[in-house]
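A quick write-up on the structure given underneath.
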Amino acid sequence: MMNQVSTRRLAEWLDGALQTPRFKDYCPNGLQVEGRDTIRHIITGVTASQALLDVAVQQDADAILVHHGWFWKNESPVLRGSRRRRIATALQHGLNVFGFHLPLDAHPVWGNNAQLGQRLGFEPDRDADGVPLTFGPGDLIWRGRCRPCTLQELGRHVGDVLGRPALTLGDPHKPVATVAWCTGGAQNMMDAAIESGMDVYISGEASEQNFHMANETGTGYIAAGHHATERYGVQALGQAIADEFGIKVEFVDLDNPV
Ligand SMILES: [Zn+2]
């Protein structure tokens with residue numbers, strides 16, 4: 001018999017494992033749209049876009065699991081246009097939609113920040129119990145050490161690992177050994193990174209002011225891509241689900257240049 005898990009059981013396990021109720025977020029976390037009541041096959045991705053839904057339907061998956069789900073606080077709740085099409089696709093095909101935003105950024109092992117730091121070879125600062133020392137708004141920023149090099153060299157390394165050139169701002173020859181990082185669209189948290197005294201801050205996207213902040217404060221800034229920095233948490237979580245329930249979980253990387 002093919003391995004399967006009930007939707008309800010998986011939803012409960014995920015909420016427990018990711019401590020979903022602990023987070024104040026801009027979207028609901030967990031099972032956002034209920035589909036079939038049994039799950040044998042999950043497609044994971046960064047964003048619950050129409051393209052990801054189409055892949056899931058084509059492969060007859062029972063669920064998608066993403067970092068960027070639906071029902072964001074700042075968007076209209078009206079179901080028109082592409083929002084209607086996405087939801088209609090999920091409902092028509094009985095697809096469950098699981099979305100985990102901040103809980104998946106923050107998780108100490110499977111989280112986007114933990115996974116990005118690991119891939120980039122950073123050594124996170126930890127307390128005596130081994131808990132990563134995070135700081136800034138929502139305690140979302142990680143900190144630690146990288147192999148000592150110049151800002152320019154670190155920017156190249158980040159681009160090589162992520163397979164996408166990184167935008168590096170600040171004095172290219174500045175020596176760097178301490179690093180702060182927060183995946184995705186966390187460029188507006190650069191102030192906290194500067195105050196922390198780290199040599200360089202890494203996030204996904206860049207805003208116009210990051211250029212001036214990097215030049216005027218001496219804290220380097222590397223924008224490594226929103227999608228590129230947030231590809232890894234959902235893959236680690238997918239592996240954990242596969243290990244726990246023995247079901248089929250596949251990551252689909254639909255590239256996004258932002
Ligand atoms: Zn994001």
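Atoms within each ligand, like the ligands themselves, are counted from 1 in listed order. All values below were derived from every heavy atom in this structure, side-chain atoms included, with hydrogens, water molecules and symmetry-related copies excluded.
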Quiz question: by atom type and distance under 3.5 Å, do the side chains of H101 and D25 form a donor-acceptor pair? yes
Any donor-acceptor pair under 3.5 Å from E244 side chain to I241 backbone: no
If I take every N, O or S atom of H226, is at least one of them less than 2.8 Å from the Zn ion (ligand 1)? yes
Do any N or O atoms from the side chain of N113 and from the backbone of L140 form a donor-acceptor pair under 3.5 angstrom? yes
If the cut-off is 2.8 Å, does any N/O/S atom of H101 fall short of it from the Zn ion (ligand 1)? no
Modelled atom types, side-chain donor and acceptor of D199 and T178, under 3.5 Å: yes
Looking at the Zn ion (ligand 1), is there an N, O or S atom belonging to E230 that lies under 2.8 Å away from it? yes
